[in-house]
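Below is one structure, written out as structure tokens, with a few remarks after it.
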Amino acid sequence: MTTSLALPPKPPAPRPARMSWAAFVTPVVMAGALWLMTHSPYSLAFAALGPVAAVMSLVEGRRGRGRESRTAAAERAGELARLRERLEAAHEAERRALLRSTPGAAAALDGLDGTRLWKGEDAVVSLGLGTVASAVAVSGDAREADELELQRAAGRLECAPVVARPESGVAVCGPEVLARAYLRGLVVQLYSSLPPGRLAPPELMDAAGRALGEWDWLEQLPHHTAPAGGVVPRLGVFADARLVPPGFTAVVSLSSPIVAAVEVFPSGAVRGGGSWGGAVPRERELLEAAVEPELVSRANAERFAATLASRAAGLGLGAASRSLPSEVAFGDLPAAGGLGLRASIGRTLHGIAEVDLVSHGPHAVVAGVTGSGKSELLVSWVAGMVSGRSSDEVVVLLVDFKGGTAFQPLAVLPHVVGVITDLQHGEAARALSSLSAELRRREAELARLGVRDVAEARGALPRLVILVDEFAAMIDAFPDFGGLFTDIAARGRALGIHLILATQRPAGVMRDALVANCPLRLSLRVQSEADSRWVVGTDAAARLSASTPGRCILSIDGAATEVQIARTTSADLGELATATGRHAPPRRPWLDPLPAVLTRGDLPAEAGPQVVGLADLPDQQQRAMLQFRPEEAPVVVLGAARSGKSSVLRLLAESAGVESIVVGADREQAWDAVEAAAERCEDAGAADASPLVLAIDDADAICARLGEEYAVAWCDRLSRILRDGPAAGVYPVVAAQRQTGPLRGALRLARETVLLRQASRQDHVLAGAPAELWDEGMPAGGGIWRGRRVQFLAPGPHLETVDGRRVSEPGEPPTRVPLVPARGSATVLVSRAPARVVSRARAAGLPAEAVIDLTQPPAMGALTPEALLADGRLPTGVLLVGDPDAWMGRWSLFATLKARHPVVFAGCDAADVRALTRSRALPPPLAPGSGAGWLIFADGRMRRCVLEAA
């Protein structure tokens, strides 16, 4: 494709400077007019100004024109310099493209084991590096010498391949040794570019050379038959160019090993001009005869032919005449055995197909679309590796990201240390930690043994094979695995860790650093030739038939072979498991997740009463027992409904080993317990008292039931306990669903947080836990504590009574106040329904004259509060009752009575109490429907009370 560049436009020529005749004539006319008016000879002096000004204007114009010309020339020089840079870049890109399409003989020999073998698009060869016509053109009207030089240079491409079509005939002239070495280079180029089926053996004119056996190696080439419509190269060796017969369009004359002259003729002509005659694109026409030739020795050519024959035989190309069986039974294959991990996996045209992850690996890539037999290949490979080996020699970890059952038959093998089919939620991070820990453990073990490689450890470490199906899908879902597997690929050989990574389309997913450590490749049928070439270096896998599952291309260090994979049955695996014998279970690098239900029977025998559960430590490949000591409080337990928070709360209280009080959602109980604990925190001698665990369940529900005003006061007391409780011997443990309102500030004072299952990922993150550890299906009692995934013990059947310790306590019982006061005493009562109270009192036997109702006008001769205060002696029990308004109207009387007698508030609210007592203290809350009230003592103490009729 032609690349067009354009010369920069020429700058416009500066306008020529001209004399201004108006400036010349005007002063002369004005001077004449002045002389006519003044007759002064001095006025004629003004006439000289005209010529002087005109001359100066002309000089200045010419100077300005020169400056403009120099500026324009400098700008154009810069544009031409930039154009030269673009031209050089275009030439370099064109040169690289030509070298990729016809790389030459040296590149062909170097690429025999690579992915470029038989990837050519056309039957062309490079005659050497020389100067050819370029596809780059510089357009524009070139007149200057530098512009003409740019256009000439644009059409010339130096150090580029000079190409020819061998089917049009290439004759090599010169000394026979040089000519044959040069011609061998052309053959190497051509037969490494096109596969058998597209290229026939050459028609070679060199009778003397054939007599000497110089070209016997051509018989090994797999291009042994002429395909219909295929390319037939015509090559010849001649002593002189004058001996070249008609029919050769290119004649190469070698005078030395470093330079050759190329002549090109139109097709069918004997000699003539420099046109390719349509044989190659015009932009590759030769411009100069001299080229740099490439010479190939006979030994290299023979190795080249042998390598091509081997590759073709492995792929069933060329001379291969036998056919592979459509099905192979695993039981018919011999056990590979021996050192390393050699395994028999199927049959090739030449016998048993064997692969060894140690000598051929250390890691492998397997590709294949659904239905191609990929799962069967992996099962047979694992079976072949463990055949004849114990679990002390090799263990296998299986990861099926699809979550299917492809690997389930392998679970019977004692070598399998895990079949993982679920990497959801936090399992991905757990897997990363477990495998990273296995790397560290093996490094430490090798260091302890004083060896550098697992092969030198003499069986102290079994080789670990990690087999991952649907690797590409796993990397898409969890990109962090890419770095881990790249690290394993780099360090796995010495540590004895080997990867088998299977996927449908590995191209574009696996990192280059990972693939570089996977020289062992297997490709079953894939969707495209590009996928096949990416895996095994040839497009043969894309041509495999869908009717023959299990047919694959095996590539070991670039050498490809066609294989029919063996089919392994459940009976075969059962025999392998039986033949292995009884061995101690192998160490598992990947522990199972924590159980959904954990009982004390699941704990180690040495677990004490302080153990409350297990913690998952994947980075250490073990589990740790969770212990709770009161000194670790305050602790907050957060969890959604049915997450097990109440059970965990009681479990912590039980395991503390000290007296425990568990507070439920009853607001009276919660208020009294927190108030008592807060008072203990203010007591200077409380530290000497017995330690106490205060466990508060459903703290957020308690706040909701208390109401806003009581909730603020209760949370304030709770904050004091969380802050000062441990110093006073009070160790709080608080459970809640959410941290809302005033409770949020209090719970922030906790030293530790146990995070059980949350309602949503957002709640999980807001609670301070990593997002990847959120698990919507986390079982009850499972959560995050101290940065670890933990599982707490399931609750017992009778957790409320444990070893005689209190694990639950009701609120303080209300004081009983008789509705009929005792003889000689008085009861001061505030009620929003005084008439109802008076009716109850009279029904209980209190005489009418012993009742003082402030809401009613005093009767003639009835007892008044003033008389009662003045006399001070009470002949009988007296009941003074009134509503809050009546008492507020006689507040001095209320204050006097309050100082002498307890005051009962019945059917009132906290606002009434605070208004009449002139106190900011809140009375203890009352349970709805309990019929309780408050009893205010003279010293200001407040207690709940109940009015009793008898």
Side-chain angles (χ1 to χ4, degrees), residues 668 671-672 675-676 679 709-710 713 811-842 844 846-858 862-926 930-949:
E668 291 185 358
W671 180 275
D672 293 346
E675 187 171 37
E679 291 175 355
E709 188 175 22
Y710 275 96
E812 182 179 349
T815 303
R816 299 185 179 277
V817 179
L819 192 57
V820 178
R823 183 178 181 84
S825 65
T827 298
V828 180
L829 191 143
V830 183
S831 173
R832 288 188 175 272
R836 185 181 304 169
V837 174
V838 171
S839 177
R840 288 182 59 199
R842 289 178 177 177
L846 185 66
E849 61 272 13
V851 177
I852 302 175
D853 187 354
L854 299 183
T855 62
Q856 301 295 328
L863 184 64
T864 63
E866 290 77 6
L868 177 63
L869 292 176
D871 188 359
R873 295 187 304 273
L874 299 176
T876 183
V878 177
L879 176 64
L880 291 89
V881 62
D883 59 18
D885 293 337
W887 283 112
M888 285 296 294
R890 303 183 69 174
W891 190 85
S892 60
L893 172 64
F894 178 82
T896 303
L897 291 173
K898 186 174 81 70
R900 298 183 181 182
H901 306 282
V903 179
V904 176
F905 286 82
C908 299
D909 56 26
D912 297 331
V913 177
R914 299 174 77 178
L916 283 173
T917 61
R918 303 291 175 91
S919 172
R920 297 183 59 85
L922 277 171
L926 303 176
S930 64
W934 292 291
L935 180 62
I936 312 299
F937 295 96
D939 59 2
R941 291 179 295 118
M942 301 182 186
R943 293 291 184 267
R944 298 184 192 88
C945 68
V946 175
L947 287 173
E948 291 186 333

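Partners of Ala835 under the side chain to side chain contact (heavy atoms under 4.5 Å, CB included) rule, at least two apart in sequence or in another chain, do not exist in this structure. The salt bridge (Lys or Arg N to Asp or Glu O under 4.0 Å) search around Arg920 returns none, not counting sequence neighbours. For the side chain to side chain contact (heavy atoms under 4.5 Å, CB included) test, residues two or more places apart in sequence or in another chain that qualify with Val820 are Ala844, Leu846. Take Arg816 and apply the side chain to side chain donor-acceptor pair (under 3.5 Å) test, not counting sequence neighbours, and it matches Glu948. Legend: residues meeting side chain to side chain contact (heavy atoms under 4.5 Å, CB included) with Ala938, ordered by chain and number and at least two apart, are absent.
Across all non-hydrogen atoms, the minimal contact from Leu854 to Ala886 is CB-CB, 4.1 Å. The two residues Phe894 and Leu916 make their nearest non-hydrogen contact at CE2-O, 3.5 Å. Gly882 and Thr855 get closest at one heavy-atom pair: CA-CG2, 4.2 Å.
Inter-residue side-chain proximity for Arg944 and Asp672 is flagged as met; some heavy-atom pair is nearer than 4.5 Å. With a 4.5 Å cut-off on side-chain heavy atoms, His901 and Leu880 do not count as touching. Using a 4.5 Å heavy-atom cutoff, the side chains of Tyr710 and Pro923 are in contact. Pro924 is listed as a side-chain neighbour of Met942, based on a closest heavy-atom distance under 4.5 Å. Considering only heavy atoms from C-beta on, Val837 comes within 4.5 Å of Leu819 through its side chain.
With Val904 as the partner, the side chain to side chain contact (heavy atoms under 4.5 Å, CB included) test is satisfied by one option alone out of Val828, Val830, Leu947: Leu947.
Formation of a donor-acceptor pair under 3.5 Å by the Trp887 side chain with backbone atoms of Leu829 is found in this model.
Sorted by first and then second residue, the pairs that involve residues 903-916 and meet side-chain hydrogen bond (donor to acceptor under 3.5 Å, both in side chains), not counting sequence neighbours, are Glu709-Arg914, Arg832-Asp912.
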